[in-house]
Amino acid sequence: MKKHLKANQRQEKGKRISSREIVNLPPEQESPLFSLRYMNKDYSLSQCTKDEKAAFADTLYKLNQLTWSEINACPRHGLGYEKIARSSIRAPIPSHLKEDVNFIAFRFCGMAPMVGYRDGAVFYVIWLDRDFTLYPH
């Protein structure tokens, strides 16, 4: 769980935060955090055009303005997501991921999906499927 300061409290420069001032939120009430740690090199930002990179950054910004609960209520071709069957992925799956990991896809540039998995509040982006070759669409 991510730790947040209570809304009515501010941290003054140099002041320590006591544990009484920290609130633990369940992941559904948090904004998503994004990680590119496990991104596949064949489906990465380096393969994207300048416009696709800008759309990716814009999508991350928009999603970060919502909580996971709000994202769950969005349409799958809007700011929401859809589940992708592991068996339909045509690229190598990172070896650290167990069989029970659920893959999800957000749209980042038009209908082009970014596919990865969620762990708590963190979404790990693994593939940017800009040319629609990662799975059958």
Chemist: Given Asp42 and Trp127, is the side chain to side chain contact (heavy atoms under 4.5 Å, CB included) satisfied, shown in steps?
Modeler: CA-CA 8 Å; Asp42 295 327; Trp127 304 282; over 6 Å; no
Chemist: Can you confirm whether His137 sits close enough to Asp129 that some side-chain heavy atom of one is under 4.5 Å from a side-chain heavy atom of the other?
Modeler: yes
Chemist: For Thr67 and Ser69, test the side chains for any donor-to-acceptor distance below 3.5 angstrom and give the result as yes or no.
Modeler: no
Chemist: If every non-hydrogen atom of Ala105 is compared with every non-hydrogen atom of Pro113, which pair is closest and at what distance?
Modeler: CB-CB, 3.9 Å
Chemist: Do Leu97 and Tyr38 touch side chain to side chain, with heavy atoms closer than 4.5 Å?
Modeler: no
Chemist: Can you tell if the side chain of Tyr117 reaches within under 4.5 Å of the side chain of Ile126, non-hydrogen atoms only?
Modeler: yes
Chemist: State which residues pass side-chain contact (heavy atoms from CB on, under 4.5 Å) with Thr49; sequence neighbours excluded, sorted by chain then number.
Modeler: Asp51, Glu52, Arg130
Chemist: What's the spacing between Gln29 CD and Asn24 CG if we round to 0.5 Å?
Modeler: 11.5 Å
Chemist: Taking ILVMFWY side chains as joined if any heavy atoms are under 4.5 angstrom apart, and letting links pass through other members, which residues group with Leu128?
Modeler: Phe34, Leu36, Met39, Leu45, Phe56, Leu60, Leu63, Leu66, Trp68, Ile71, Leu79, Tyr81, Ile104, Phe106, Phe108, Met114, Phe123, Val125
Chemist: Verify salt bridge (charged side-chain N to carboxylate O under 4.0 Å, His left out) between Glu28 and Arg118, making sure each step is shown before the conclusion.
Modeler: CA-CA 11 Å; Glu28 293 305 312; Arg118 180 181 166 190; 2.7 Å; yes
Chemist: Could I get the full list of salt bridge (Lys or Arg N to Asp or Glu O under 4.0 Å) partners for Glu82, not counting sequence neighbours?
Modeler: Arg76, Arg107
Chemist: Please find the pair of heavy atoms, one from Ser88 and one from Ile84, that lie closest to each other, and give the distance.
Modeler: OG-CG2, 3.6 Å
Chemist: Around Arg90, counting heavy atoms of other residues, nucleotides and ligands shown, do more than 12 lie under 6.0 Å from its CZ?
Modeler: yes
Chemist: Please name the pair of heavy atoms, one in Asn64 and one in Ser31, separated by the smallest distance, quoted to 0.1 Å.
Modeler: O-OG, 3.2 Å
Chemist: Going through the checks in order, is the side chain to side chain contact (heavy atoms under 4.5 Å, CB included) test met by Ile93 and Phe103?
Modeler: CA-CA 10 Å; Ile93 295 174; Phe103 293 110; 3.8 Å; yes
